[in-house]
2 protein chains.
Amino acid sequence: MMLHNRLKVARVTFGNLTQQGLAELVGCSRQTINSIENSKFVPSVALALTIAKVLEQKLEDIFYLQREEDGHS
Amino acid sequence: MMLHNRLKVARVTFGNLTQQGLAELVGCSRQTINSIENSKFVPSVALALTIAKVLEQKLEDIFYLQREEDGHS
DNA sequence: ACTTAATGTCAAGTTTACTTTACATTAAGT
DNA sequence: ACTTAATGTAAAGTAAACTTGACATTAAGT
């Protein structure tokens, strides 16, 4: 089970935020947002909840688990 | 905003699992479960999602943010 | 063509999640 | 009183999150 996310879409859909803009609202660095969007690392629940809150979405609508690669049959 | 959780209750309510039992189902160590329950550290979203899935609960019903201490009027 | 904003990415450093091992305590069963 | 299961906790080590700083690239505006 691997973590996937729709952060980039959620961020733009909600108010055309930039990575920098979201980072400031959330209280983390731009690189952290970038790294999450590009699945370079998986955030803590606290950060994920904060991001979801800022973007006014349910956490599960942004972050979700999926069978390791190849869920597209 | 601090992370709080109802893991201990959720774990027992769902099937009377022990920390060890939950750890095995989730795929982490018993100490990790214990540390999360006692708020010694905040888990990754991936782990939190896995725990929620195993306990058949929505993540937000187990993990949630709350104003730093003193939420009691 | 030049500037500027936004993004991707890398490197070095700090902090914290998470592991294993181990031991003390408490509660329940015999 | 003795055992055993469950939990709390701590120490040492590894892995990964997250920081700052910096630089390259791409897209948009002038």
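Here is how names work: the chains are called A, B, and so on, in the same order as the sequence lines, proteins then strands, and each is numbered from 1.
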Donor-acceptor check, side chain of A:Asn38 to backbone of A:Asn34, threshold 3.5 angstrom: yes or no?
yes
Between the OG atom in B:Ser44 and the CG atom in A:Leu47, the distance rounded to the nearest 0.5 Å is 11.5 Å
Practice task
Using a cut-off of strictly less than 4.0 Å, decide whether B:Ser35 has a side-chain nitrogen or oxygen near OP1 or OP2 of D:dT9.
Solution key: no
Closest of D:dT9, D:dT20, D:dC23 to the A:Arg30 side chain is D:dC23
Rounded to whole Å, the CD1-P distance (B:Ile33 to C:dA17) equals 14 Å
Whether A:Arg11 side chain and A:Leu17 backbone form a donor-acceptor pair below 3.5 Å: yes
Do the non-hydrogen side-chain atoms of A:Thr13 and A:Leu55 ever get within less than 4.5 Å of each other?
no
message = So, OP1 or OP2 of D:dA17: does either fall under 4.0 Å of a side-chain N or O from B:Ser44?
response = no
Rounded to whole Å, the CZ-P distance (A:Phe41 to D:dA17) equals 7 Å
Under 4.0 Å from OP1 or OP2 of D:dT9: is there any side-chain N or O of B:Lys40 that close?
yes
When rounded to whole Å, the CD to P distance for the pair A:Glu37 and D:dA17 reads 16 Å
Out of D:dT20, C:dA17, C:dT9, minimum distance to the side chain of A:Asn34 belongs to C:dT9
For DNA chain D, the expected dot-bracket line (Watson-Crick or G-U under 3.5 Å, [ ] crossing, | inter-strand) is ||||||||||||||||||||||||||||||
Between CD of A:Gln31 and P of D:dC18 the distance, given in whole Å, is 13 Å
If only atom types and distance count, is the side chain of B:Glu60 paired as donor or acceptor with the main-chain N or O of A:Leu59 below 3.5 Å?
yes
With the 4.5 Å side-chain cut-off for hydrophobic clustering, are A:Met2 and B:Leu49 part of the same group? no
The reported gap from CD in B:Glu37 to CD1 in B:Ile51 (rounded to nearest 0.5 angstrom) is 8.5 Å
Flag, side chain of B:Gln19 to backbone of B:Arg30, donor-acceptor distance under 3.5 Å
no
In whole angstroms, the gap separating P of D:dC18 from CG of A:Asn38 amounts to 15 Å
Separation of C:dA17 atom P from B:Ile36 atom CD1, nearest Å, is 9 Å
In whole angstroms, the gap separating P of C:dT16 from CE of B:Met2 amounts to 13 Å
Numerically ordered, the residues 5-22 of chain B set in heavy-atom contact under 4.0 Å with DNA chain D is B:Lys8, B:Arg11, B:Thr18, B:Gln19
Say whether, by atom type as modelled, one donor and one acceptor occur between the side chain of A:Asn5 and the main chain of A:Tyr64 under 3.5 angstrom. no
From CD of B:Glu24 across to P of D:dA6 the rounded distance in Å is 10 Å
